[in-house]
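Shown next, in structure tokens, is the structure this report addresses.
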Amino acid sequence: AAIHLRRANMLDMDMLREWRNSDAVLANSWQSQPISPEDHGKWLANTLAHPDRHLLIAEQDGIAVAMLRYDIKAGIALITIHTHPDY
């Protein structure tokens with residue numbers, strides 16, 4: 001089935017935090033400690049407002065399966081991908 005991309009929003013906060021705090025992500029992340037709901041909420045609000053950061057949710061058959069973040073600086077994008085722990 002096709003993958004559909006959409007812009008993330010504040011309604012994605014709990015889902016993204018769950019993915020971010022999964023064992024697989026923590027094992028491969030710069031920060032190996034879980035993030036608190038408060039810190040994650042601040043991060044997400046700042047991310048959504050940042051003009052050089054693009055946060056997308058990949059969905060397959062209406063189910064969110066991954067998050068893609070593009071941090072753009074001087075025309076170059078650093079890409080971060082977190083997948084749903086079950087995918």
Side-chain angles (χ1 to χ4, degrees):
I3 300 282
H4 169 75
L5 296 176
R6 65 169 175 82
R7 291 196 178 273
N9 59 62
M10 289 303 290
L11 296 176
D12 296 311
M13 183 170 52
D14 291 338
M15 174 189 70
L16 290 172
R17 185 174 147 311
E18 179 182 320
W19 293 0
R20 164 54 179 81
N21 286 340
S22 72
D23 291 338
V25 171
L26 291 175
N28 294 294
S29 180
W30 295 104
Q31 297 177 343
S32 60
Q33 298 299 313
I35 190 167
S36 71
E38 296 79 16
D39 288 344
H40 184 69
K42 289 176 191 174
W43 172 85
L44 183 56
N46 289 335
T47 292
L48 295 175
H50 198 293
D52 293 327
R53 181 173 273 184
H54 304 283
L55 189 64
L56 304 172
I57 303 296
E59 295 181 332
Q60 186 174 36
D61 297 326
I63 298 169
V65 296
M67 177 278 311
L68 295 90
R69 187 180 77 223
Y70 296 85
D71 293 297
I72 302 170
K73 185 175 183 179
I76 297 172
L78 173 65
I79 302 169
T80 302
I81 300 171
H82 292 174
T83 59
H84 184 293
D86 293 338
Y87 288 86

Please determine whether a side-chain nitrogen of the Lys or Arg among Arg6 and Asp12 lies less than 4.0 Å from a carboxylate oxygen of the Asp or Glu. yes
When rounded to the nearest 0.5 Å, the distance separating CD1 of Ile3 from CD of Glu59 is 9.5 Å
What verdict does the side chain to side chain contact (heavy atoms under 4.5 Å, CB included) test give for His82 and Leu68, after you've listed the backbone C-alpha separation in whole Å, the side-chain angles of each residue and the deciding distance to 0.1 Å? CA-CA 7 Å; His82 292 174; Leu68 295 90; over 6 Å; no
Residue pairs meeting salt bridge (Lys or Arg N to Asp or Glu O under 4.0 Å), one or both in residues 62-87, sequence neighbours left out, come to Arg53-Asp71, Arg69-Asp71
Minimal heavy-atom distance between Asn21 and Pro34, with the atoms involved, is OD1-CA, 3.1 Å
Would you kindly confirm whether Ile81 and Leu78 end up in one hydrophobic cluster when ILVMFWY residues are joined by side chain heavy atoms under 4.5 Å apart? no
When clusters are formed by joining ILVMFWY residues with side-chain heavy atoms under 4.5 Å apart, either directly or through shared neighbours, do Ile79 and Leu56 land in the same one? yes
Flag yes if more than 12 heavy atoms outside Asp52 fall under 6.0 Å of its CG atom; otherwise flag no. yes
Is the shortest side-chain heavy-atom distance between Thr83 and Val65 below 4.5 Å? no
Test side-chain hydrogen bond (donor to acceptor under 3.5 Å, both in side chains) applied to Glu18 - qualifying residues, sequence neighbours left out: none
With clusters built from Ile, Leu, Val, Met, Phe, Trp and Tyr whose side-chain heavy atoms come within less than 4.5 Å, directly or transitively, what are the remaining members of the cluster of Leu44, listed by chain and number? Met10, Met13, Met15, Leu16, Trp19, Trp43, Leu48, Leu55, Ile57, Met67
